Amino acid sequence: MTILLLGGTTEATALAHLLAARPDLSAILSLAGRTSAPRAMPIATRIGGFGGVEGLVAHLRRERIRAVVDATHPFAARMSRNAAQACRIAGVPLLALVRPEWAPGPGDRWTIVPDMAGAVAALGEAPKRVFLTVGRLELAAFEAAPQHAYLVRTIDPVGAVALPSLVEIRDRPPFDEAAERALMLAERIDVLVTKNSGAAATRPKLDAARALGLPVVVVARPPRPEGVETIAAPEDALAWLERVHVPAP
Ligand code: NAP
């Protein structure tokens with residue numbers, strides 16, 4: 001059975017490792033190609049978009065894909081929508097592997113907003129020192145609030161962004177709470193901005209903000225396509241693939 005694993009997350013990589021140990025389940029991992037130097041993967045990998053729903057339907061048919069696991073980032077809304085539509089059209093079973101959201105706990109000072117424009121508005125008019133951890137592709141929204149000083153952490157260089165006060169840090173998860181606290185203190189951060197990605201590897205910034213009593217602007221996840229079976233653990237995705245797998249007679 002050929003499985004298409006839509007990746008770009010820690011969970012997708014974990015499932016790829018589980019699949020690498022299963023020669024009876026042949027799988028291809030698909031990455032969008034956003035990261036210039038992605039980590040080495042344990043299974044065959046293809047890189048780049050499919051060409052919308054139509055392109056994905058053609059790919060599913062051409063490659064005789066028997067099951068799709070959508071393990072893209074919770075904010076990769078277009079890919080998830082396209083996968084749901086294409087699988088419906090092509091009659092291919094689809095599972096979404098989605099990690100749980102972060103939820104605020106005692107001591108957290110969160111403002112939850114629906115999108116990046118909401119995050120910009122939540123920063124307010126008065127100039128602040130902002131720790132921006134929303135990914136480089138979302139930075140343009142903050143050009144609407146040039147009065148703030150931004151500390152931006154991304155995996156790849158941010159490129160052209162029209163912000164007068166922007167300091168870049170190049171780093172990739174996992175991060176550590178003590179180091180996050182030290183960074184926020186050294187940079188005299190007033191507020192943290194993050195998407196609700198739910199990743200354990202990036203969670204320490206929230207714990208650091210709580211420990212320092214700092215406010216956090218949290219961008220809520222976009223809605224997911226309806227009618228797609230969804231689970232959280234890579235091991236459960238493997239069990240689903242075993243159920244879907246009908247051995248050839
Ligand atoms: P998106 O807006 O939903 O996707 C835009 C387009 O990129 C899709 O329509 C598709 O192009 C292509 N694409 C996305 N994921 C793909 C995949 N796994 N394999 C092949 N093509 C893919 O997604 P995005 O926010 O740009 O995210 C792109 C990738 O980065 C995803 O794999 C995601 O898991 C990862 N990522 C995203 C975020 C985030 O915050 N959005 C954070 C960390 C990692 P076609 O229409 O041409 O098929």
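Note that ligands are numbered from 1 as they come in the structure, with each ligand's atoms numbered from 1 the same way. If you're wondering where the values come from, they're calculated on a predicted model, not measured in any experiment.
In this structure, the side chains of Arg99 and Ser197 come closer than 4.5 Å at one or more pairs of heavy atoms. For the pair Phe142 and Val193, the minimum side-chain heavy-atom distance is below 4.5 Å.
Taking 4.0 Å as the cut-off, Gly48 counts as a neighbour of ligand 1 on heavy-atom distance. Using a non-hydrogen distance threshold of 4.0 Å, Leu56 does not register as a contact of ligand 1. Using a 4.0 Å cutoff on heavy atoms, Arg46 counts as a contact of ligand 1. The closest approach between Ala77 and ligand 1 falls below 4.0 Å for a heavy atom of the residue. Using 4.0 Å as the threshold, Gly55 has no heavy atom nearer than that to any atom of ligand 1.
Scanning all protein heavy atoms for the shortest distance to atom 38 (C) of ligand 1 gives His73 CG, 3.3 Å. The shortest contact between atom 17 (C) of ligand 1 and any protein heavy atom is with Ala32 N, 3.5 Å. Nearest protein heavy-atom contact of atom 46 (O) of ligand 1 is Gly52 N, 3.1 Å. Given atom 48 (O) of ligand 1, the protein heavy atom at minimum distance is Phe50 N, 2.7 Å. For atom 32 (O) of ligand 1, the nearest non-hydrogen atom of the protein is Gly7 O, 2.6 Å. Given atom 23 (O) of ligand 1, the protein heavy atom at minimum distance is Ala76 CB, 3.3 Å. From the protein, the heavy atom lying nearest to atom 6 (C) of ligand 1 is Arg34 NH2, 3.5 Å. For atom 19 (N) of ligand 1, the nearest protein heavy atom (residue, atom name, distance) is Ser30 OG, 2.7 Å.
For the residue pair Thr133 and Arg153, no side-chain donor N or O sits within less than 3.5 Å of a side-chain acceptor on the partner.
Taking any N or O of Leu137, backbone or side chain, none lies under 3.5 Å from an N or O belonging to ligand 1. For the pair Arg78 and ligand 1, the shortest N or O to N or O distance falls below 3.5 Å.
Salt bridge annotation for Lys205-Glu177: absent, with no cationic side-chain nitrogen under 4.0 angstrom from a carboxylate oxygen. Ion pairing between Arg221 and Asp115 fails under the 4.0 Å rule for side-chain N and carboxylate O. A salt bridge is defined here as a Lys NZ or Arg NE, NH1 or NH2 lying under 4.0 Å from an Asp or Glu carboxylate O, and Glu168 with Arg170 meets this definition.
Numbered from 1 in the order shown, with element, the atoms of ligand 1 that lie under 4.0 Å from a heavy atom of Met79 read 1 (P), 3 (O), 4 (O), 10 (C), 13 (N), 14 (C), 15 (N), 16 (C), 21 (N), 22 (C).
With a 4.0 Å cut-off on non-hydrogen atoms, Glu138 does not touch ligand 1 at all.
Closest of all the heavy-atom pairs between Leu123 and Lys128 is O-NZ, 2.6 Å.
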